[in-house]
Amino acid sequence: MNILLLRPVPGNERFGLGPFFRIEPLGMEYIAAALEAGGHRVTLADLRFSRALDHQMRQTRPELVGIAAMHALETDEVLALAAQVRALSPDVPIVVGGHTAAACPGPFLSRDVSAVVLDDAERAMPRLCAALERGRPLTTVPGLALPDGEGGDIRTGGETDAFALDDVPLPARRHVAAWRPQYACLAHRPVWLVETARGCPFRCSFCSIWQLHARAVRERSIDAVCRDFASVGDHIFVADDLFWHHPSRSLALAQELLRRGIRKRGFSCRAAPISSPAIPMSSRRGGRWRTNSTSSSAWRRRPTRGSADS
């Protein structure tokens, strides 16, 4: 199939720290890799920097369009983009995925949207494409939310087996190479986004990650992470929900990065255990670490009543 993946233009990037945190659509790069491994043709357009939507639709003539919804503040932009796609191509299936859509699919099931992906999209999207190619209804595809025609949704059956992150090839970063200089984290530009694990075991009241992943943590193999680190540039932003989670794995990863001579000028991450023994080891050879949010594990000393963590 010919598939077009779209990163919308979020209005919230214009305010506050938004202009200083413009990162690549890594999830869509993984989806592209999974789809291409199945023989599909993929075009990924980061509409923040690419040519306009009408150009993308004319050039690709997609049989399926996927739209990323990463933050609740982007809901209006995602719905507006879906409406624009529908106006340009009335019959094309439109699928929305991403963190905020999976956490709360209801607002995204507009009349323009065919489905919202609830499962890992690297697994769900190839199965969705197979269903479309074979003329099967989307109700046969696990891990989706579908409009029920009455303002509600239908949830298709999910998977019971664990999805191994190493089952997906490394992200297809070539799709965003033209916009690489635009991706930034504070003063670092360009920045490469890397994922080594997915999920978090803690149950912080301000976070929805543990609900999406049932408090499970899945990790990529040390070899896969090292190959990914070696393939990117000097400034890395680690997108894990909780980096350096397991001390033994953290040390093994740091040691293997050192053994392979993989050195970077700067690392940043969303959250990490501040006591991880791997941080000084990985920093001592030229790397500088920055943690951009408070570690969930740092709150273990102050649990709230009736919960595992704060």
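Asp91 contributes atom CG, which lies 10.0 Å from atom OG of Ser114 (distance to the nearest 0.5 angstrom). Separating the CG atom in Asp119 from the CG atom in Leu128 is a distance of 11.5 Å, to the nearest 0.5 Å. Expressed to the nearest 0.5 Å, how far CZ of Arg265 lies from NE2 of His188 amounts to 8.5 Å.
Proximity of Arg48 to Pro25: side-chain heavy atoms (C-beta onward) are separated by under 4.5 Å at one or more points. Within the 4.5 Å cutoff, the side chain of Val113 has no heavy atoms near those of the Val95 side chain. Under the 4.5 Å side-chain criterion, counting only non-hydrogen atoms from C-beta, Ser231 is in contact with Arg173. At least one side-chain heavy atom of Met57 sits under 4.5 Å from a side-chain heavy atom of Leu4. A heavy-atom distance below 4.5 Å is not found between the side chains of Phe229 and Arg260. Contact check for Thr156 versus Leu138: no side-chain heavy atoms found under the 4.5 Å cut-off. No side-chain heavy atom of Pro10 sits under 4.5 Å from any side-chain heavy atom of Glu77. You'll find the side chain of Thr100 stays beyond 4.5 Å of the side chain of Pro107, heavy atoms only.
Pairing each heavy atom of Ile262 with each of Ala230, the nearest pair is CD1-CB, 3.9 Å.
A donor-acceptor pair is defined here as one N or O able to donate and one able to accept, closer than 3.5 Å; no such pair exists between the side chain of His235 and the backbone of Pro190. Without hydrogens or angle criteria, Asp240 side chain to Thr196 main chain gives a donor-acceptor distance under 3.5 Å. Listed for the Arg86 side chain is a donor-acceptor partner under 3.5 Å among the backbone atoms of Asp112. The main-chain N or O of Glu150 is found under 3.5 Å from a side-chain atom of Asp148 such that the two form a donor-acceptor pair.
For Arg155, the salt bridge (charged side-chain N to carboxylate O under 4.0 Å, His left out) criterion is met by Asp153, not counting sequence neighbours. For the salt bridge (charged side-chain N to carboxylate O under 4.0 Å, His left out) test, residues two or more places apart in sequence or in another chain that qualify with Glu74 are Arg7. Looking at residues two or more places apart in sequence or on another chain, you find no side chain to side chain contact (heavy atoms under 4.5 Å, CB included) involving Arg111. Under the side-chain hydrogen bond (donor to acceptor under 3.5 Å, both in side chains) criterion, Gln182 pairs with no residue, sequence neighbours left out. Considering only residues two or more places apart in sequence or on other chains, Arg51 meets the side-chain hydrogen bond (donor to acceptor under 3.5 Å, both in side chains) condition with none of them. Partners of Arg227 according to the side-chain hydrogen bond (donor to acceptor under 3.5 Å, both in side chains) rule, which considers only residues two or more places apart in sequence or in another chain, are Asp223. Shown here are the side chain to side chain contact (heavy atoms under 4.5 Å, CB included) partners of Pro181, two or more places apart in sequence or in another chain: there are none. With sequence neighbours left out, the ring pair (Phe, Tyr, Trp, His ring centres under 6.0 Å) criterion links Tyr183 to Phe49. Here Thr43 pairs with nothing under the side-chain hydrogen bond (donor to acceptor under 3.5 Å, both in side chains) rule; sequence neighbours left out. By the salt bridge (charged side-chain N to carboxylate O under 4.0 Å, His left out) test, Asp76 pairs with no residue at all, sequence neighbours left out.
For the pair Arg198 and Glu219, the salt-bridge criterion is not met [side-chain N within less than 4.0 Å of a carboxylate O]. Look at Asp167 and Arg123 and you find no salt bridge, because none of the NZ, NE, NH1 or NH2 atoms lies under 4.0 Å from a carboxylate O. Of the charged side-chain nitrogens involved, none lies within less than 4.0 Å of a carboxylate oxygen, so that Arg180 and Asp46 do not count as a salt-bridged pair.
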For residues 59-73, which side-chain donor-acceptor pairs fall under 3.5 Å, sequence neighbours excluded?
residue: Thr60; atom: OG1; partner: Gln56; partner atom: O; Å: 2.7
residue: Glu63; atom: OE2; partner: Asn2; partner atom: N; Å: 2.7
residue: His71; atom: ND1; partner: Leu73; partner atom: N; Å: 3.0

Only distances under 3.5 Å count here; give the side-chain donor-acceptor pairs of residues 26-38 to other protein atoms, sequence neighbours excluded, each with its distance to 0.1 Å.
residue: Tyr30; atom: OH; partner: Arg220; partner atom: NE; Å: 3.3
residue: Glu36; atom: OE1; partner: Arg174; partner atom: NH1; Å: 3.4
residue: Glu36; atom: OE1; partner: Arg174; partner atom: NH2; Å: 3.0
residue: Glu36; atom: OE2; partner: Arg174; partner atom: NH2; Å: 2.7
residue: Glu36; atom: OE2; partner: His175; partner atom: NE2; Å: 2.8

Q | Chi angles and distances behind the side chain to side chain contact (heavy atoms under 4.5 Å, CB included) call for Leu81, Leu53 | A | CA-CA 9 Å; Leu81 182 59; Leu53 174 65; 3.7 Å; yes

Q.
Would Leu144 and Val116 count as a side chain to side chain contact (heavy atoms under 4.5 Å, CB included) here? Give the steps.
A. CA-CA 6 Å; Leu144 302 180; Val116 169; over 6 Å; no

(Q) Please evaluate residues Lys264 and Val232 with respect to the criterion side chain to side chain contact (heavy atoms under 4.5 Å, CB included), reporting the C-alpha separation (whole Å), side-chain torsions for both, the decisive distance (0.1 Å), and the verdict. (A) CA-CA 9 Å; Lys264 306 297 177 182; Val232 300; 4.3 Å; yes

**Q.** Intermediate values then yes/no, side chain to side chain contact (heavy atoms under 4.5 Å, CB included), Val92 and Ile94
**A.** CA-CA 6 Å; Val92 69; Ile94 300 173; 4.2 Å; yes

